[in-house]
Structure formats: structure tokens, C-alpha cells
Protein chains: 2
Amino acid sequence: MKGHVDLLLLSTLRTGPLHGYGVVEKLRGLSEGAFDLAEGTVYPALYRLEAAGLLSSSWTKANGRRRRLYELTSRGRGELARERDEWQAFAHAVEVVVT
Amino acid sequence: MKGHVDLLLLSTLRTGPLHGYGVVEKLRGLSEGAFDLAEGTVYPALYRLEAAGLLSSSWTKANGRRRRLYELTSRGRGELARERDEWQAFAHAVEVVVT
DNA sequence: TTCAATACCTCGGATCGCAAAGTATTGCCA
DNA sequence: TGGCAATACTTTGCGATCCGAGGTATTGAA
């Protein structure tokens with residue numbers, strides 16, 4: 001799962017803001033259990049992405065529980081597109097080698 | 001390039017024995033330049049794979065230059081099949097998430 | 001003879017995924 | 001009422017791994 005977490009997180013936020021825990025659940029759902037990221041993976045990754053200017057966050061409250069809501073910045077959208085293209089090229093190249 | 005080196009190396013050796021330098025060249029050729037692994041990546045990886053019983057090696061000589069020839073063991077072939085299946089599942093799951 | 005290519009080895013930094021442990025709140029159920 | 005599961009976030013530290021950089025040695029071409 002190394003090196004692809006950023007792409008997965010950015011992709012998951014593509015359709016709208018989510019908080020950390022929500023990202024984990026959505027990713028697990030989308031991938032039918034294949035991607036069940038540990039919190040120790042996701043939260044630091046979200047911090048990194050925000051520090052890199054690809055995400056912005058704001059505190060909200062839902063059911064008395066505090067939530068930090070993340071959403072893509074415009075730079076984040078650009079980076080998402082870039083990383084998706086990169087993934088396609090990478091996946092294609094692997095496919096060529098392994099088959 | 002993290003986490004996929006083993007699969008690429010095993011795949012490259014699938015069609016016959018090769019030495020380290022040769023693996024690098026073949027991989028670069030197969031992938032049309034996409035995978036140009038550093039020697040500091042490949043040699044330690046080959047040692048790891050041999051230590052894990054997936055490869056076996058023997059010294060040979062070609063044009064006065066010493067070469068360490070690596071080839072898949074039967075366990076290596078099994079592992080290759082396993083990792084290839086794993087890759088397919090992984091790639092498919094990523095595809096679902098990013099599209 | 002000097003340099004590029006071939007071929008190998010090794011050290012060290014930097015990154016990263018993740019398990020683990022901690023805090024806090026809400027709501028269910030016995 | 002008490003306790004436990006689920007929700008939600010944070011931080012620490014280990015282990016793995018990629019790779020840049022530097023080192024050794026041989027061959028052959030310029």
C-alpha cells in the first residue's frame with residue numbers, strides 16, 4: 001500500500017468534503033474492503049496533504065462529536081489529475097512487464 | 001516505485017536467468033524506459049529475494065567480467081504467481097476508486 | 001591512456017505505512 | 001446505573017524500502 005495512499009485520499013475527496021474517519025469508511029466501501037487504511041496511516045497523510053496545499057480543513061460538529069472536514073483545494077484537483085495520469089501510466093507499464 | 005520492485009524483478013526473471021545489471025536493462029527495455037531502477041535498489045532487492053528462497057544465484061564469467069546469475073526457484077515461481085494475482089486485485093481496486 | 005560501458009557492492013538518508021496506545025464523546029443495552 | 005461499542009482524532013516509534021552516492025574492477029574503443 002506504499003506510495004498510493006495520497007492518490008486514494010485525493011480521489012475519495014473528489015466528490016465532496018469528508019472527515020478523516022469518513023474517508024476511511026468511504027474508501028473501504030468503494031473498494032469493497034480491499035482498502036482498509038489504519039488511522040495511523042490516514043491522519044498523518046491528511047496532514048501532509050494539507051501542509052502541501054492540496055487540502056484545506058475546518059472544524060465542524062456533528063452529533064456532539066468534533067470533526068475536521070477536509071476538502072480538495074484547486075491545487076489539490078490539479079494534483080489529483082496528475083497523479084491519476086501517473087497511476088495509469090504506471091499500471092500499464094506493470095501490466096506489460098508481468099504479462 | 002515502492003512495494004512493487006519484487007514483483008517486477010520476479011517477473012523479469014520469469015523467462016530465464018539474468019544477472020543484476022541485465023535485469024535492470026531488460027526491465028528498462030520492457031517498460032520502454034518507465035522502470036529505470038537504480039543499482040542501489042536492485043542489488044539489495046535481489047539479495048533479499050535470494051535470502052527468502054525465491055531466487056538462487058551462481059557466479060559466471062562473460063567477456064572476462066564476473067556475473068552473478070539469478071534464477072527463479074520453484075518457490076519463486078509460486079510467489080510470482082501470488083504477487084501477480086495480488087497486483088491484479090490491487091490495480092482493479094485502485095481503478096474503481098479513482099474513476 | 002583515458003574514458004565509457006559493464007558489473008558488482010555498500011552506506012546512509014529520507015520517506016512512509018501502520019500498529020499501538022491514548023483521549024473524548026455519544027448511545028445502546030443489560 | 002454502569003459498561004461497552006462505535007465514533008473521532010492524535011501521536012509515537014518501529015520496520016521496511018527506495019535510491020542517491022560513492023567505491024572497486026574489467027574490458028574495449030577513441
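Convention: sequence-line order gives letters A, B, ...; per-chain numbering from 1. Since this is a predicted model, take the numbers as computed values, not measurements.
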| task | Name the closest nucleotide to the Ala38(B) side chain, picking from dC19(D), dC18(C), dT10(D). | result | dC19(D)
| remark: From the candidates dC18(C), dC8(C), dC9(D), the one with an atom nearest any side-chain atom of Thr41(A) is dC18(C)
| Heavy-atom donor-acceptor pair, Arg67(A) side chain to Tyr21(A) backbone, under 3.5 Å | no
| request: In whole angstrom, give the distance that lies between atom CZ of Arg66(A) and atom C1' of dT7(D). | output: 12 Å
| request: Using whole Å, report how far CG of Leu69(B) lies from P of dT6(C). | output: 17 Å
Please determine whether a side-chain nitrogen or oxygen atom of [X] lies at a distance below 4.0 Å from atom OP1 or OP2 of [N].
{"X": "Arg48(A)", "N": "dG17(C)", "value": "yes"}
{"X": "Tyr43(A)", "N": "dT10(D)", "value": "no"}
{"X": "Tyr47(B)", "N": "dC9(C)", "value": "yes"}
{"X": "Arg67(B)", "N": "dA7(C)", "value": "yes"}
{"X": "Arg65(A)", "N": "dG27(C)", "value": "no"}

| With a 4.0 Å cut-off on heavy atoms, is Gly22(A) in touch with a base, just the backbone sugar-phosphate, or nothing at all? | nothing
| query | If you look at every strand shown and take non-hydrogen atoms under 4.0 Å, does Gly20(B) touch a base, only sugar-phosphate, or nothing? | reply | sugar-phosphate
